Structure formats: structure tokens, C-alpha cells
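For reference, the structure discussed in these notes is given below.
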Amino acid sequence: MTITKNLHNIKQELPDQVLLVAVSKTKPVEDLQEAYTAGQRVFGENKVQELEQKWSILPKDIQWHMIGHLQTNKVKYIAPFVHLIHAVDSLKLLKTINKEAQKNNRTINCLLQFHIADEQTKFGLSLEEAQQLLTSSEYLQLENIKIVGVMGMATFTNDTTQVRNEFKTLKSIFQQLKNDIFVQQPDFKEISMGMSGDYAIAIEEGSTMVRVGSNIFGSRY
Ligand SMILES: *Cc1c(COP(=O)(O)O)cnc(C)c1O
């Protein structure tokens with residue numbers, strides 16, 4: 001299967017309102033170019049240096065999403081161009097993004113990452129932590145960031161019931177934040193969940209954005 005065919009097949013399965021983020025981490029620029037030629041304009045990367053390098057080479061109408069854990073000292077490298085940062089999980093990181101966005105005279109869209117999986121290692125907030133963050137005076141002063149939704153990763157398991165329940169948890173966190181905190185903010189509408197192995201379930205549970213890598217570009221070695 002070629003990248004073009006893979007993209008075509010996945011696109012056919014996605015409802016219109018679900019955005020496909022093509023996760024191109026570790027893949028060479030030629031692979032991204034093929035996806036671009038096939039019409040793909042939204043790409044996700046998880047390393048700052050790789051993201052910056054691919055951005056500098058590829059066409060400027062691509063929307064670049066930072067999907068991986070982001071260190072505060074690296075925000076400055078992507079602040080001029082990044083379209084959406086998926087994995088924000090602290091006030092400290094938000095403050096840094098705000099500062100770098102301000103320097104670039106722009107607003108940077110962010111998603112709050114939630115810890116929904118069993119695994120200890122995955123990053124993310126709890127609902128309580130998010131509520132605390134979002135009602136803090138420091139957060140309320142940030143004018144150059146906009147939180148447009150939530151993001152989460154399910155446990156890596158064959159147990160589809162568990163995966164489905166974790167996605168349900170993220171959807172319910174989204175709904176509570178929407179009702180309690182973002183009630184006047186229609187831009188808070190994104191739920192980034194679902195990867196190659198579980199995006200079909202994620203869509204059934206309300207995903208608006210799937211992050212698909214290996215099903216498009218082949219497995220990473
Ligand atoms: C790598 C990655 C993906 C894509 O994974 P695939 O299983 O290859 O589709 C999605 N989200 C995040 C955060 C990732 O790091």
C-alpha cells in the first residue's frame with residue numbers, strides 16, 4: 001500500500017467533522033511530500049527539532065501540530081508557526097507558550113492533555129487539576145493562548161472495552177469543562193483522541209481529531 005492509498009482509505013472512514021492529523025514523526029520529508037500531494041495539509045510531530053526542520057522545508061500552507069510532550073525551554077522554536085499544541089499539562093508550560101506567542105504577536109491554540117490510561121508513564125492532568133488551573137488568576141491573565149479542547153491517549157491494550165471506557169472518560173471531562181468553565185467559549189470544541197489502533201472506537205465516542213501515524217506512513221522502526 002502506498003501513502004496515497006492509505007490516506008484515501010482512512011479519509012473514507014472518517015466522518016466529515018473529524019480532522020485527520022497525519023502523524024509523520026521519524027518519517028522522511030519525501031513521505032510527507034507524498035501525503036501533501038495527495039491533499040493532506042495537517043501533520044503532527046512529537047519532537048521540536050524534527051518539527052521545525054520539516055516546517056522549514058515543506059510548503060507553508062501546512063498546519064503543524066505538536067502532539068508530543070513539550071519542554072518549556074523548547075517552546076520558542078515552534079512558537080512562530082505551530083498551529084496547535086496537543087499535550088499541555090501544566091500552568092508553567094501554558095505561561096511559557098503565552099510568553100512566546102506574545103513575542104510573535106500571535107495567539108497559540110492549545111489542548112489540555114488528560115491522563116486517562118492505566119499506564120503510569122503517560123502524561124496528563126486529572127479533572128481536578130485542570131479545574132484548579134483554569135480558575136487560577138495566573139491562567140486568567142494569559143492573553144496569547146487559547147484552549148480549544150482536550151487530548152488523551154488510551155492504554156495500549158487489546159481490551160477494546162477498556163479503551164472505549166477511557167475515551168468515554170475523556171469525553172465526559174470535556175463536557176464538564178465545557179459546562180463549567182468554557183460555557184461562553186464556542187472555540188472550546190475539540191477532543192483529540194484516537195490513533196492507528198483505536199481511532200474507530202475514538203470516533204464512536206466523540207473524537208473530533210484523530211492522530212494517525214503508522215496506518216498512513218507504515219510502521220516506525
Ligand atoms: C505517535 C503518536 C501517534 C500516532 O501513533 P500511531 O499508532 O502510529 O497511529 C498519536 N499520538 C501521539 C501523541 C503519538 O505520539
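As the structure lists them, so they are numbered: ligands from 1, and atoms in each ligand from 1. We use all heavy atoms of the structure for the numbers below, so side chains are in, but hydrogens, waters and symmetry mates are not. Just so we're clear, the structure is a prediction, and the values are computed from it rather than from any experiment.
The number of heavy-atom neighbours closer than 6.0 Å to CD of Gln132, taken from other residues, nucleotides and ligands shown, is 12 or below. The environment of CD in Gln17 is crowded: more than 12 heavy-atom neighbours from other residues, nucleotides or ligands sit within 6.0 Å. Counting heavy-atom neighbours within 6.0 Å of Gln185 CD, excluding the residue itself, gives a total above 12. For Gln49, the CD atom sits in a loose shell: 12 or fewer heavy atoms of surrounding residues, nucleotides or ligands are nearer than 6.0 Å.
Looking from atom 5 (O) of ligand 1 to the surrounding protein, the closest heavy atom is Met195 CE, 3.5 Å. When hydrogens are left out, the protein atom nearest atom 4 (C) of ligand 1 is Arg211 O, 3.6 Å; that is the closest non-hydrogen contact. If you check which protein heavy atom lies closest to atom 14 (C) of ligand 1, you get Lys25 NZ, 3.0 Å.
For a threshold of 3.5 Å applied to N or O pairs, the pair formed by Ser196 and ligand 1 contains at least one separation below that value. Distances between N or O atoms of Gly213 and those of ligand 1 include at least one value under 3.5 Å.
Within ligand 1, counting atoms from 1 as listed, the ones closer than 4.0 Å to a heavy atom of Val212 are 9 (O).
When the heavy atoms of Asn215, Ile216, Ile67 are ranked by distance to atom 12 (C) of ligand 1, first place goes to Ile67.
Residues Gln162 and Asp118 bring a donor and an acceptor atom of their side chains to less than 3.5 Å of each other. Checking Asn98 against Tyr139 by side-chain atom types alone, no donor-acceptor pair falls below 3.5 Å.
Of the heavy atoms in His86, none comes closer than 4.0 Å to ligand 1.
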